[in-house]
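Since this is a predicted model, take the numbers as computed values, not measurements. The analysis underlying the following values was restricted to heavy atoms, covering all of them including side chains, and did not include hydrogens, waters or symmetry mates.
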Amino acid sequence: MTPTTPTTPSPPGIQAPPQVAQQVAARLLALVGDPGTATVPCRVDWAGPVDVPLADERAVQAACGVMEVHGRASGRPTPLAVDYASTVAGVLAAQGVCAALLGRARGAGPAWVRTSVGQAALFGVVQYLAAATADKPEQETAGPRRCAPDSAGHRPFVSADGVVFEVETLEAERWLGFWQRLGASRGAVRDGWAPFQQRFGTATCGLPEELHGVVRRASLATVREAAAEAGVSVLPVRESTAPPVAPRAWTLSPLGRAGGGVHPPGAGAAGGARAAAAGRGGGAHRAAGR
C-alpha cells in the first residue's frame, strides 16, 4: 500500500482520500520490510459503514464522539489539534495488511483490507460509548466521583516558575507520598485520588483547589524532587504537537522458524495466535484466533 497525493483538488462531489491515514499506513508498512505488503489490496476511506457524510478529520471527530469526549473537561465539544482519527485509521490499515500476510504465510486464501477514519474514531472512543450506553451511569456503578467536592475544574498543574506539567502514577501510596512531601493535606489528597485515577475513563479530572495551590507555590525542581522520592512521574507539557524525536513505531527481530505447520482454512488469518490487551480493570483480555 502506498500513499496517494493528488496534484489537483478533487472535483466537486468527489471526496479527497484520507491522505494522513494513507501516509501513516505506508510509513508503518515500510518498517516491515516485506515487499508482500504491496500485494495486499487495502482501502481506507472516510466514512466506511458509518452512515454519515464525512469528508475530513474535523467532521469525523464531530460525528463520532471524539469532540464530545475531548471537550468534557471544558464543558463543550472540542476538536483534537492533531489528525487523531486519521492516524488511528492508518495504524489499523497497516495491522490489517500484516494480518493478511500472516494468514497467507499460514496457508489462508487471498485477503483484502478495508477500514475508514470513521471506524477508527469510534474504536478510539469505544470505552466511553460503552459507559454512556450502560444500564447505569458509570459513576453510579463504579462508585468514585468524577470530580472532587471542591474541584476547581479540569486544568493542568502549573509550578511557581510557570511550567505546565502533568503527573502520572498508578498507585495510591505513591500519590499520597508525593503530595505529602509538597505539604498537601490528607483530605485533599484523598479527595483527589478517585478523579485522578479515573481520568482516562471519564475524560476529565476535577482535582481539589488545594492541590493546584500547593504546586503553584513550588518550583518545578521541588516538584520533581518530591516526585522522585515518591516514585511518581512528572512530565512538562510541550506546546508543540510534534514529537521531540521520531521514534520507530516498532522493531522486528528474527526469532527463527516457527513450528506448528499450516493452519486449516477457516482458522482465520491469525489462527492460533494470541493477543493480549490491558483492560481498564488492570487485567488482560485474551483472544485466540481473532
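Looking at every heavy atom in both residues, Asp56 comes nearest to Trp46 through C-CZ3, 3.5 Å. Nearest heavy atom pair, residue Ala184 against residue Leu211, reads CB-CD2, 3.8 Å. Nearest heavy atoms, Leu28 versus Gly90: CD1-O, 4.4 Å. Here the closest heavy-atom approach between residue Val40 and residue Arg104 is recorded as CG2-NH2, 3.6 Å. Closest approach of Ala230 and Phe178 over heavy atoms only: CB-N, 3.4 Å. Ala218 and Leu182 get closest at one heavy-atom pair: CB-CD2, 4.4 Å.
Using a 4.0 Å cut-off between charged nitrogen and carboxylate oxygen, Glu168 and Arg199 count as a salt-bridge pair. Comment: Arg216 engages Glu209 in a salt bridge, judged by a side-chain N to carboxylate O separation of less than 4.0 angstrom.
Residues Met67 and Tyr84 are members of separate hydrophobic clusters, defined by side-chain heavy-atom contacts under 4.5 angstrom among Ile, Leu, Val, Met, Phe, Trp and Tyr. Residues Val117 and Val52 fall within the same hydrophobic cluster, defined by Ile, Leu, Val, Met, Phe, Trp and Tyr side chains chained together at heavy-atom separations under 4.5 Å. Residues Leu54 and Leu129 fall within the same hydrophobic cluster, defined by Ile, Leu, Val, Met, Phe, Trp and Tyr side chains chained together at heavy-atom separations under 4.5 Å.
A donor-acceptor distance shorter than 3.5 angstrom exists from the side chain of Asp45 to the backbone of Gly48, with no hydrogens or angles considered. Between the side chain of Thr39 and the backbone N or O of Gly36 there is at least one donor-acceptor pair closer than 3.5 Å. A donor-acceptor contact shorter than 3.5 Å is absent between the side chain of Ser159 and the backbone of Phe157. Between the side chain of Arg181 and the backbone N or O of Gly177, at least one donor-acceptor pair lies under 3.5 Å. A donor-acceptor contact shorter than 3.5 Å links the side chain of Thr202 to the backbone of Gln198. Judged by distance alone, the side chain of Arg72 and the main-chain N or O of Thr204 form no donor-acceptor pair under 3.5 Å. Within the 3.5 Å criterion, the main-chain N or O of Ala85 finds a donor-acceptor partner in the side chain of Glu57.
Note that the CZ atom of Phe200 and the OH atom of Tyr128 stand 8.5 Å from one another [nearest 0.5 Å]. For the atom pair CH2 (Trp179) and CZ (Arg190), the distance works out to 15.5 Å, reported to the nearest 0.5 Å. Atom CD in Glu225 sits 5.0 Å away from atom CD in Glu229 (nearest 0.5 Å). For the atom pair CD (Gln95) and CG (Leu102), the distance works out to 12.5 Å, reported to the nearest 0.5 Å. Here the OG1-CD distance, from Thr78 to Gln61, works out to 10.5 Å after rounding to the nearest 0.5 Å. The distance from the CH2 atom of Trp175 to the CD atom of Gln180 is 12.5 Å, given to the nearest 0.5 Å.
Between Val125 and Val66, some side-chain heavy-atom pair lies under the 4.5 Å cut-off. Under the 4.5 Å side-chain criterion, counting only non-hydrogen atoms from C-beta, Arg58 is in contact with Pro79. You'll find the side chain of Thr87 stays beyond 4.5 Å of the side chain of Val82, heavy atoms only. A 4.5 Å side-chain heavy-atom check between Cys42 and Arg114 finds every atom pair outside the cut-off. Side-chain contact check for Arg186 versus Leu176: some heavy-atom pair is nearer than 4.5 Å. When side chains are defined from C-beta on, Val24 counts as touching Val20, because their heavy atoms get closer than 4.5 Å. For the pair Glu166/Cys205, no side-chain contact is recorded, criterion being any heavy-atom separation below 4.5 Å from C-beta on. Counting only heavy atoms from C-beta outward, the side chains of Leu207 and Trp193 never approach each other to under 4.5 Å.
For Ser116, the side-chain hydrogen bond (donor to acceptor under 3.5 Å, both in side chains) criterion is met by Gln119, not counting sequence neighbours.
Around the CZ atom of Phe123, the shell of radius 6.0 Å holds no more than 12 heavy atoms that belong to other residues, nucleotides or ligands.
Of the options Leu220, Val163, Val215, a side chain to side chain contact (heavy atoms under 4.5 Å, CB included) to Val234 is made by Leu220 and by none of the others.
Applying the 4.5 Å side-chain rule to ILVMFWY residues, one finds Val158, Val237 in the same cluster as Val164.
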